[in-house]
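A short write-up of the structure that comes next.
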Amino acid sequence: TEKSCRENISDYDIIHFATHGYSSSENPGLSRLILSRDTSAAPNDTKNDAYLHLNETYELALNADLVILSACKTGSGKIIKGEGIMALPRGFIYTGVPNVIASLWKVHDEKTKKLMVSFYKHLLEDGVSYSEALRQAKLNCIKKGFLPMDWAGFVLIGS
């Protein structure tokens, strides 16, 4: 739930959101991750409405080194001259997270799962950097015959 996310998110070095996402290039503040609804929350409680909006990510207390936004179009948004792209990764980077992995287009659930499992395998078993683990996971997808639309949209933003 959004409430649980807010209460526990600062406890982790790697945060992985595997959920649905919504990106608005017209109004980036409406871009959001869709979480589970907290049935005990008041109907008009915007802090527990099951949506983690871009503007709400600026308020999070994070200690993470990596956030993975494994949802559709989490890296796309509105380009603002002099500012760059207003998208979900921006809020996490603003809070001090040095690395964010996001998607640039709609992604297939099952193929994304396989990409991410491969990413973690390389990260944990091979002890490589985030960028190398993502590169190796993408190469694994190519070997399995995945189409570029199934793996190429994930990008690492940060160091």
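Each residue takes its place number in the sequence, starting with 1. This structure is a prediction, so every number in the text was calculated from the model and none was measured.
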message = Can you confirm whether Lys114 sits close enough to Trp151 that some side-chain heavy atom of one is under 4.5 Å from a side-chain heavy atom of the other?
response = no
query = Given the rule that I, L, V, M, F, W and Y join up when any side-chain heavy atoms are under 4.5 Å apart, are Trp105 and Leu134 in one cluster?
reply = yes
query = Is any side-chain heavy atom of Leu115 less than 4.5 Å from a side-chain heavy atom of Phe146?
reply = no
inquiry  = Which heavy atom of Val100 sits nearest to which heavy atom of Pro89, and what is that distance?
reply    = CG1-CB, 3.8 Å
inquiry  = Is there a salt bridge (Lys or Arg N to Asp or Glu O under 4.0 Å) between Arg32 and Glu56? Walk through the geometry before answering.
reply    = CA-CA 9 Å; Arg32 60 190 173 265; Glu56 293 175 317; over 6 Å; no
task = Report the distance from atom CG of Leu156 to atom CZ of Phe119, rounding to the nearest 0.5 Å.
result = 7.5 Å
task = Calculate, to the nearest 0.5 Å, the distance between atoms CD1 and OG belonging to Ile68 and Ser103 respectively.
result = 12.0 Å
message = Atom OH of residue position Tyr120 - does it have more than 12 heavy atoms of other residues, nucleotides or ligands inside 6.0 Å?
response = yes
inquiry  = Between Arg135 and Val128, is the side-chain contact (heavy atoms from CB on, under 4.5 Å) condition met? List the steps.
reply    = CA-CA 10 Å; Arg135 186 180 84 80; Val128 297; over 6 Å; no
query = Where do Ala71 and Gly21 come nearest, in terms of heavy atoms and distance?
reply = CB-N, 3.6 Å
Backbone N/O of Asp49 and side chain of Glu2: donor-acceptor pair under 3.5 Å = yes
query = Any donor-acceptor pair under 3.5 Å linking the side chain of Thr1 with the backbone of Ser36?
reply = no
task = Would you give the length of the straight line joining atom OG1 of Thr74 to atom CG of Leu104, rounded to the nearest 0.5 angstrom?
result = 8.0 Å
message = Hydrophobic cluster membership, with links at side-chain heavy-atom distances under 4.5 Å among I/L/V/M/F/W/Y: are Leu66 and Ile9 in one?
response = yes
ask   = At what distance, to the nearest 0.5 angstrom, does CG of Asp109 lie from OG1 of Thr112?
value = 6.5 Å
query = Just wondering, more than 12 heavy atoms not from Glu7 lying within 6.0 Å of its CD?
reply = yes
ask   = Counting heavy atoms not belonging to Lys138, are there more than 12 under 6.0 Å from its NZ?
value = yes
Leu30 with Leu52, same ILVMFWY side-chain cluster at under 4.5 Å = no
task = Could you tell me whether Lys3 atom NZ has more than 12 heavy atoms of other residues or ligands within 6.0 Å of it?
result = no
query = What heavy-atom pair brings Ser25 and Gly77 nearest, and what distance separates the two atoms?
reply = CB-O, 3.7 Å
query = Under a single-linkage definition using a 4.5 Å side-chain heavy-atom cutoff for Ile, Leu, Val, Met, Phe, Trp and Tyr, are Tyr12 and Leu60 assigned to the same hydrophobic cluster?
reply = yes
Passing candidate, side-chain contact (heavy atoms from CB on, under 4.5 Å) with Phe92, options Leu54, Ile15, Leu62 = Leu62
request  = Return the minimal non-hydrogen interatomic distance between Lys78 and Pro28, and the atom names on each side.
outcome  = CB-CG, 3.6 Å
request  = Say whether Ile101 and Met149 are linked into one hydrophobic cluster, either directly or through other cluster members, by side-chain heavy-atom distances under 4.5 angstrom.
outcome  = yes
task = Working to the nearest 0.5 Å, report the span between CE of Met116 and OG of Ser118.
result = 10.0 Å
request  = Please tell me if the side chains of Asp126 and Glu132 come closer than 4.5 Å, counting only heavy atoms from C-beta onward.
outcome  = no
Minimum-distance pair of heavy atoms, taken over all atoms of Pro98 and Ala64 = CD-O, 3.6 Å
ask   = Counting distance only, does the side-chain N/O of Thr19 pair as donor-acceptor with the main-chain N or O of Ile34 below 3.5 Å?
value = yes
query = If you take all heavy atoms of Ala61 and Ser10, which pair is closest and at what distance?
reply = O-CB, 3.0 Å
query = Is any side-chain heavy atom of Asp150 closer than 4.5 Å to a side-chain heavy atom of Cys141?
reply = no
request  = Quickly, which of Val97, Asn99, Ile93 forms a side-chain contact (heavy atoms from CB on, under 4.5 Å) with Ile157? Name it, please.
outcome  = Ile93
Side chain to side chain donor-acceptor pair (under 3.5 Å) involving Asn55 - partner list, sequence neighbours excluded = none
note = d(Cys72 SG, His108 NE2) to nearest 0.5 Å is 10.5 Å
